[in-house]
Amino acid sequence: MCSRTNPRNSRTGRPRSTEAHTAILEATRAALVELGWSKLTMGDVAGRAGVAKTTLYRRWANKNELVVDAVAVLFDELELPDLGSLQADIEHVVLQFAALLERPETKTALMAVVAESTRDEPLRERIRASIVDRQKRLVLAGRERAQQRGELPAGRDPMAVDATDDLIFDVIAGAVVHRALVSAEPVDAPWVARLSALLVGGLGAAAAAGA
């Protein structure tokens, strides 16, 4: 008796193209810079990327989701090398962040999605999941490294540690975004050194108080 093969299981299907995915995200950022949020359409992005519009809709339900993912991959470029001290590590990543915000595609995309998210709760949740939560890895890595060096004690209360990590992220992201995109002031080495010293001093005080 010959066995019958299930066509659904035997069909290999067409693999998702990494190149197409990258081209779509690049096209999204380029379109945002050129057209702005209101004029950006899925059709325009598809044309720029050289793919069918249906390809976009298989991966993203709407342009909100697409733009968030297009900017999220830029923030994934941020790294936290071990420079020997917590303050030096913080200064490095803050300067990276500032340089990223100077790029027209980052600035335009970030401002657009943040503005749109004020009236779109699902978009706000996607920003939180795709950008904020993913980039908190830098804070976690910095704290763990500082503890290994003996610069910070190990946290005794996990909930307090998590809350502190959230606060550090909020302070850094909020300060840099406000200075670079709202106040339009330079995020240069002297300013970053002051911010980093303030953060490190605050962490030391919190550790001494048992937070």
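Throughout, numbering of the chain's residues begins at 1 and tracks the sequence. All values derive from a computational prediction rather than experimental measurement. Values reported hereafter were calculated over all heavy atoms of this structure, with side chains retained and with hydrogens, waters and symmetry mates removed.
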Output, in order, the C-alpha distance, side-chain angles, deciding distance and verdict of side-chain contact (heavy atoms from CB on, under 4.5 Å) for Asp69 and Ile24.
CA-CA 10 Å; Asp69 284 3; Ile24 291 167; over 6 Å; no

Verdict with reasoning, Leu78 to Gln135, per side-chain contact (heavy atoms from CB on, under 4.5 Å)
CA-CA 8 Å; Leu78 297 175; Gln135 296 314 314; 4.2 Å; yes

Partner residues of Glu125 under the side-chain hydrogen bond (donor to acceptor under 3.5 Å, both in side chains) criterion, sequence neighbours left out:
Arg128

Could you list the residues that satisfy side-chain hydrogen bond (donor to acceptor under 3.5 Å, both in side chains) with Asn62, not counting sequence neighbours?
none

Run the salt bridge (charged side-chain N to carboxylate O under 4.0 Å, His left out) test against [X] and tell me which residues pass, sequence neighbours left out.
{"X": "Glu116", "result": "Arg119"}
{"X": "Lys136", "result": "Asp166"}
{"X": "Arg124", "result": "Glu121"}
{"X": "Asp120", "result": "none"}

Measure from the side-chain N and O atoms of [X] to the backbone N and O of [Y], and report whether any donor-acceptor pair falls under 3.5 Å.
{"X": "Ser196", "Y": "Ala193", "value": "no"}
{"X": "Lys63", "Y": "Trp37", "value": "yes"}
{"X": "Glu105", "Y": "Arg29", "value": "no"}
{"X": "Arg134", "Y": "Ser130", "value": "yes"}

Would [X] and [Y] show up in the same hydrophobic cluster when neighbours are defined by side-chain heavy atoms closer than 4.5 Å?
{"X": "Phe75", "Y": "Val33", "value": "no"}
{"X": "Val132", "Y": "Leu140", "value": "no"}
{"X": "Val67", "Y": "Leu35", "value": "no"}
{"X": "Leu198", "Y": "Val187", "value": "no"}

Applying ring-ring contact (aromatic ring centres under 6.0 Å, His included) to Trp60 and not counting sequence neighbours gives His21

Just jot down the ring-ring contact (aromatic ring centres under 6.0 Å, His included) partners of Phe169, sequence neighbours excluded, or say none.
none

Out of curiosity, [X] [atom1] to [Y] [atom2], how far, rounded to the nearest 0.5 Å?
{"X": "Thr108", "Y": "Arg103", "atom1": "OG1", "atom2": "CZ", "answer": "12.0 Å"}
{"X": "Leu100", "Y": "Leu74", "atom1": "CG", "atom2": "CG", "answer": "5.5 Å"}
{"X": "Ile127", "Y": "Asp133", "atom1": "CD1", "atom2": "CG", "answer": "12.0 Å"}
{"X": "Leu32", "Y": "Thr106", "atom1": "CG", "atom2": "OG1", "answer": "11.0 Å"}
{"X": "Leu101", "Y": "Met111", "atom1": "CG", "atom2": "CE", "answer": "10.0 Å"}
{"X": "Arg143", "Y": "Leu152", "atom1": "CZ", "atom2": "CG", "answer": "9.0 Å"}

Taking only distance into account, with no hydrogens and no angle test, what donor-acceptor pairs under 3.5 Å do side-chain atoms of residues 177-185 form with protein atoms, sequence neighbours excluded?
residue	atom	partner	partner atom	Å
His178	ND1	Ser183	OG	3.3
Arg179	NE	Pro186	O	2.7
Arg179	NH2	Pro186	O	3.3

According to side-chain contact (heavy atoms from CB on, under 4.5 Å), who are the partners of Gln148, at least two apart in sequence or on a separate chain?
none

Least distance between heavy atoms, Val45 atom then Ala31 atom:
CG2-CB, 4.5 Å

Mind listing the side-chain donor-acceptor pairs of residues 88-99 below 3.5 Å, one per line with the distance, residues two or more places apart or on another chain?
residue	atom	partner	partner atom	Å
Asp89	OD1	Leu83	N	2.8
Asp89	OD2	Arg145	NH1	3.3
Asp89	OD2	Arg149	NH2	2.7
Glu91	OE2	Gln87	NE2	3.2
His92	NE2	Gln96	NE2	3.3
Gln96	OE1	Glu79	N	3.2
Gln96	NE2	Glu79	O	2.4

Enumerate, atom names and distances included, each donor-acceptor pair closer than 3.5 Å involving a side-chain atom of residues 47-54, sequence neighbours excluded.
residue	atom	partner	partner atom	Å
Arg48	NE	Asp44	OD2	2.6
Arg48	NH1	Glu34	OE1	3.3
Arg48	NH2	Glu34	OE1	3.1
Arg48	NH2	Glu34	OE2	3.4

Can you find a pair of side-chain heavy atoms, one from Glu65 and one from Leu123, that are under 4.5 Å apart?
no

